[in-house]
Amino acid sequence: MSRACPLPVVTHLSGMPTMWPLWLLASLLALSQALPFEQKGFWDFTLDDGLPMLNDEEASGADTTSGIPDLDSLTPTFSAMCPFGCHCHLRVVQCSDLGLKAVPKEISPDTTLLDLQNNEISELRKDDFKGLQHLYALVLVNNKISKIHEKAFSPLRKLQKLYISKNHLVEIPPNLPSSLVELRIHDNRIRKVPKGVFSGLRNMNCIEMGGNPLENSGFQPGAFDGLKLNYLRISEAKLTGIPKDLPETLNELHLDHNKIQAIELEDLLRYSKLYRLGLGHNQIRMIENGSLSFLPTLRELHLDNNKLSRVPAGLPDLKLLQVVYLHTNNITKVGVNDFCPVGFGVKRAYYNGISLFNNPVPYWEVQPATFRCVTDRLAIQFGNYKK
């Protein structure tokens with residue numbers, strides 16, 4: 001299953017990066033009709049296990065402009081134009097892995113996808129994208145970009161996907177196109193997200209900004225004002241707690257691989273629309289009673305690789321919860337009512353995955369009734385604890 005903001009890595013079997021075959025780029029661009037939250041046909045770079053992604057009604061963060069443009073309606077065409085060394089076909093311009101120092105010239109004005117990943121571009125200048133008013137996706141992953149002119153993206157009135165991960169950026173680029181739906185800016189050097197940096201981005205519903213040295217104090221109050229995000233990932237950062245000022249529209253929030261130590265009562269208060277919450281690979285020792293009660297629609301909870309000594313309270317009250325990752329913690333006991341409602345309590349969706357392996361639990365003492373609301377015994381993962 002594809003995750004909303006996958007990482008664009010393409011390699012040979014030898015592990016070396018390679019260019020996408022041109023016919024594949026063109027086919028994917030033409031076939032894609034999904035919202036960015038689903039990404040059914042547009043470069044599903046990685047696969048991930050878990051629940052199906054939300055459908056179009058559930059992922060309603062973007063308006064009708066989020067579909068792929070009608071390629072046949074874009075006139076005129078300039079198929080004879082193609083930068084030296086690049087491959088151009090069906091409005092796709094592929095200039096990856098060429099050692100380019102700057103954005104090439106002579107890019108066709110009807111281009112809808114421009115691939116510049118794996119080069120040595122260090123700066124985006126004012127007129128680098130001049131005339132590319134039909135551009136839908138811009139891929140700048142794995143360059144050396146540290147400077148972006150404040151008007152560099154001004155011509156890109158139809159840009160919906162901007163992939164600028166693995167560069168040297170120290171700040172969110174200014175004046176992003178108002179048409180933008182998906183921003184992938186992970187693995188840079190960003191330490192601060194100022195108020196107003198996302199102003200006017202009413203179509204944005206997916207941001208991947210993990211792998212930046214962001215601390216809780218780096219988010220200025222109001223940094224996400226006006227955004228109606230469905231998906232946000234701030235993994236592999238320096239967070240010590242759950243940020244309290246993120247968009248309350250979120251359906252997915254991923255804060256894995258941080259330094260979060262506890263979940264306090266009101267940490268999740270504003271995130272009542274979450275379907276999936278990722279908190280794996282932190283240092284969480286305590287989840288305050290009642291904290292999870294603010295997540296009535298939660299379906300998947302990742303708390304693996306933390307320092308929990310018991311199953312979090314409140315799981316039986318989450319009537320839609322189906323997957324719980326609790327492996328690799330310090331849990332020593334599993335109670336008969338830790339997962340399922342008591343008596344005639346109603347659970348609208350049975351569990352199809354509970355992971356408890358690599359915990360010091362005496363599994364022979366766990367009562368079978370503990371998992372009375374699990375679809376199948378194979379959905380429960382026990383054992384393999386090593387001191």
Side-chain angles (χ1 to χ4, degrees), residues 1 3 47-52 235-236 242 252-264 267-268 271 274-343 345-387:
M1 185 209 71
R3 188 57 66 85
L47 299 177
D48 198 359
D49 296 327
L51 299 174
S235 59
E236 299 178 90
I242 296 178
E252 289 204 35
L253 176 59
H254 298 271
L255 303 173
D256 45 294
H257 291 275
N258 276 286
K259 299 179 180 180
I260 300 172
Q261 299 182 16
I263 301 176
E264 299 179 353
D267 280 353
L268 299 169
Y271 308 130
L274 284 180
Y275 279 55
R276 182 182 284 114
L277 176 58
L279 290 166
H281 293 271
N282 276 279
Q283 301 171 18
I284 300 173
R285 296 179 181 272
M286 185 273 296
I287 298 178
E288 190 170 352
N289 288 349
S291 300
L292 300 179
S293 65
F294 299 113
L295 308 176
T297 62
L298 194 67
R299 298 179 182 178
E300 187 169 326
L301 177 60
H302 293 229
L303 285 166
D304 55 285
N305 290 276
N306 278 286
K307 298 182 179 180
L308 295 172
S309 58
R310 65 185 183 92
V311 176
L315 296 184
D317 299 323
L318 300 178
K319 301 184 183 301
L320 297 176
L321 189 62
Q322 299 174 49
V323 176
V324 183
Y325 292 175
L326 290 168
H327 55 271
T328 316
N329 276 280
N330 297 322
I331 298 172
T332 58
K333 182 180 180 180
V334 177
V336 69
N337 296 318
D338 279 352
F339 294 99
C340 302
V342 178
V346 177
K347 185 165 175 58
R348 293 173 57 188
Y350 275 36
Y351 289 103
N352 54 44
I354 296 177
S355 68
L356 284 162
F357 64 88
N358 204 21
N359 279 288
V361 177
Y363 300 109
W364 55 90
E365 295 181 3
V366 178
Q367 300 183 37
T370 301
F371 305 111
R372 57 190 178 274
C373 58
V374 178
T375 55
D376 189 281
R377 65 181 182 180
L378 296 178
I380 306 164
Q381 298 181 17
F382 268 157
N384 299 323
Y385 175 67
K386 296 180 180 180
K387 292 184 178 181

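We use all heavy atoms of the structure for the numbers below, so side chains are in, but hydrogens, waters and symmetry mates are not. Being a predicted model, the structure only gives us computed values, none of them experimental. All residue numbers in this chain count up from 1 along the given sequence.
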L315 and L292, any side-chain heavy atoms less than 4.5 Å apart: yes
Under 3.5 Å: donor-acceptor pair, side chain of N359, backbone of L308: no
L318 CG to K347 NZ distance, which is reported to the nearest 0.5 Å: 7.0 Å
Spacing of N282 atom CG and I263 atom CD1 [to the nearest 0.5 Å]: 8.5 Å
Point-to-point distance, once rounded to the nearest 0.5 Å, from CG of L298 to CG of D317: 12.5 Å
Mutual orientation of the aromatic rings belonging to Y351 and F339 [parallel < 30°, tilted 30-60°, perpendicular > 60°]: perpendicular
NZ on K333 to CD on E365, rounded to 0.5 Å: 9.0 Å
Plane angle bin for F382 and F371 - parallel if under 30°, tilted between 30 and 60°, otherwise perpendicular: perpendicular
Minimum-distance pair of heavy atoms, taken over all atoms of V334 and L356: CG2-CD1, 4.2 Å
Those residues that, when tested against F294, pass ring-ring contact (aromatic ring centres under 6.0 Å, His included) (two or more places apart): none
Donor-acceptor pair between R372 and N337 side chains, under 3.5 angstrom: yes
Side-chain heavy-atom pair I284, I260 within 4.5 angstrom cut-off: yes
Point-to-point distance, once rounded to the nearest 0.5 Å, from CG of N306 to CZ of R285: 10.0 Å
Q322 CD to N352 CG distance, which is reported to the nearest 0.5 Å: 5.0 Å
